[in-house]
Amino acid sequence: MDAFIDLEDPSDWPRGFEHLRELEKLLRCPVCKEYLETPMVVSGCGHTFCSLCVRRCIAQETKCPSCRAQTAEGDLYPNRLIESIMREFRNGRLQLLSAIHAAAKSDSLNNPRKKQRVSQGSLQKDAQSVASTLSADTACSGSNNESANSGVVDLSSSDIEKIADTAMAEEDNDSDSDFVANAQRKRPRENLTTCTSEKIAKDEETSSNSVSCPNCRTNIRSNRINWHLDRCLAGLPCENTPAAVVSVSSTKSQPTAAKLQLLPPRAAQFALPRPTKLAYSLLSESKLRRTLRELGIPSKGDKHQMQMRHTEWVNIFMANADSETPVSHRVLLRRLSAWEDALSRQSETVKAVALSTPEDIAQHASKYADSFAELVAQAGSSRSRPSFK
Amino acid sequence: MSTPCRRRLMRDFKRLQSDPPDGISGAPCPDNIMLWNAVIFGPDDTPFEDGTFKLVLNFDETYPNKPPTVRFASKIFHPNVYANGELCLDILQNRWSPTYDVAAILTSIQSLLHDPNPNSPANAEAANLYRENRKEYIRRVRETVEESWE
């Protein structure tokens with residue numbers, strides 16, 4: 001459960017910075033609560049969501065998820081300004097949070113009474129002193145484990161990444177830039193960390209675009225993160241593949257970027273036809289199967305499964321088309337299959353915990369009696385606590 | 001194994017931890033993030049006051065596009081709660097919005113205790129007593145409140 005706490009969240013902003021907390025909330029999608037990805041504004045009501053989130057919602061019910069105003073796909077327009085604002089916010093986020101924590105710390109050391117006040121001057125401290133404070137105090141709530149980790153770059157794991165990078169370049173030449181923004185966000189974090197060893201500094205220089213995988217938390221080069229994620233989420237080995245080991249020597253002598261240029265642009269050759277919405281009730285199972293085949297997506301399963309798959313494919317495809325930095329259709333196909341895998345896996349687990357009868361529930365309640373007792377205590381304490389809102 | 005749904009549930013948990021609404025708590029089961037236990041305190045100035053009502057929330061991969069299944073694990077006498085603990089609450093059915101999170105669901109349930117809707121009764125007896133014999137309704141509710149402490 002500790003992994004939950006590592007999520008970057010508006011609650012990272014300390015008291016006294018409610019405006020920034022609110023700003024961060026506004027830059028997050030009301031549906032998935034992540035930073036808006038390819039933000040789309042609903043023309044009628046003006047609410048903004050990730051393209052994929054709002055498309056999934058509308059496919060289910062033609063209403064704005066926030067205000068339930070009648071909405072169709074044609075009412076969605078890209079909101080590029082919000083996208084740029086969000087990018088800049090994310091770039092400055094960690095820098096600001098670190099400065100706040102450093103200032104708060106030195107403030108409380110100099111004058112314990114002024115603990116909450118952060119003066120203008122201390123906010124402008126140079127990055128060096130902030131960095132040293134950060135490395136001295138890894139328990140800063142806003143930048144917990146992740147920044148602590150990046151300060152101590154594990155040499156062996158970063159070598160593995162470089163190897164994996166090259167392997168990725170060989171296996172897949174998709175220019176996934178989904179996580180480029182992510183990498184930009186992480187950059188200030190890296191600038192802030194104090195590197196003692198020469199080799200670490202060198203490593204940072206060569207992989208300044210590395211991001212940490214949200215799943216396994218290893219640092220991955222930003223332009224390879226999607227490749228890594230697809231494998232990581234599918235449970236496939238992401239490191240030490242035979243291909244990776246073979247290319248070790250070439251990595252050291254030849255920069256990865258140069259190697260990439262030598263590869264043919266396979267992504268450009270692989271393009272699937274643009275799907276359109278279908279009136280499923282008017283289609284026979286065989287006709288739908290043929291349509292799926294023509295679109296280049298899997299055509300297995302019964303009509304209901306094909307229908308779900310087609311709907312999701314339209315959503316993924318259109319959201320990608322909305323994006324300023326679309327990924328290749330090959331990547332989209334992998335996302336479709338990851339989505340379907342998650343759905344099929346869960347149908348088994350949900351059955352296992354179906355609490356339909358009062359007996360099941362009573363059994364569940366006694367199994368988790370301790371957990372419930374803890375929750376009662378928690379709810380009690382949140383109640384008596386003075387409101388900070 | 002991380003999916004958008006699981007990631008969202010982690011965010012919901014973090015939100016609930018960092019900014020818990022009054023008299024509400026909830027957490028996923030240690031062995032299954034799709035299954036949550038929650039506790040709601042009966043709101044003040046209602047017959048449910050001081051009650052500690054346990055709930056179980058069951059999510060699937062369609063969350064937040066589809067609502068979770070929510071059941072009371074404590075016995076509760078309420079016009080909109082079925083005998084098996086299931087709730088009759090519009091936001092968990094036809095008025096669900098993918099923008100809701102666990103905190104919003106639990107807050108809505110808490111306010112349902114405050115404002116029962118006798119027009120869509122799940123417990124006909126509770127709905128009738130609520131409309132016609134408030135004193136007896138309160139007595140029956142208080143019984144379940146006392147049971148909830150056990």
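Convention: sequence-line order gives letters A, B, ...; per-chain numbering from 1.
Side-chain contact between B:Lys54 and A:Leu375 is absent, with no heavy atoms from C-beta onward closer than 4.5 Å. Looking at A:Phe372 and B:Val56, their side chains come closer than 4.5 Å, going by heavy atoms from C-beta outward. Using a 4.5 Å heavy-atom cutoff, the side chains of A:Trp339 and B:Pro4 are not in contact. Considering only heavy atoms from C-beta on, A:His364 comes within 4.5 Å of B:Cys29 through its side chain. In this structure, B:Gln17 and A:Gln378 have side chains that are in contact, with non-hydrogen atoms separated by less than 4.5 Å.
Nearest heavy atom pair, residue A:Ile361 against residue B:Asn84, reads CD1-O, 4.0 Å.
Interface remark: A:Cys57 contributes backbone and side-chain atoms alike to the contact with chain B (heavy atom separation under 4.5 Å).
Contact check on B:Arg71 versus A:Asp360 returns no salt bridge, with no Lys/Arg side-chain nitrogen under 4.0 Å from an Asp/Glu carboxylate oxygen. Between B:Arg11 and A:Glu34, at least one side-chain nitrogen of the basic residue sits less than 4.0 Å from a carboxylate oxygen of the acidic one, meeting the salt-bridge criterion.
Inspection of non-hydrogen atoms places B:Asn94, B:Arg95, B:Trp96, B:Ser97, B:Pro98, B:Thr99 of residues 91-100 of chain B under 4.5 Å from chain A. Residues of residues 59-72 of chain A placed with any heavy atom under 4.5 Å of a heavy atom in chain B are listed by number as A:Gln60, A:Glu61, A:Pro65, A:Ser66, A:Arg68. Residues of residues 304-311 of chain A having a heavy atom under 4.5 Å from any heavy atom of chain B: none.
Without hydrogens or angle criteria, B:Lys14 side chain to A:Leu7 main chain gives a donor-acceptor distance under 3.5 Å.
Legend: residues meeting side-chain hydrogen bond (donor to acceptor under 3.5 Å, both in side chains) with B:Arg131, ordered by chain and number and at least two apart, are B:Asn128.
Remark: A:Glu374 CD is loosely packed, at most 12 non-hydrogen atoms of other residues, nucleotides or ligands lying under 6.0 Å away.
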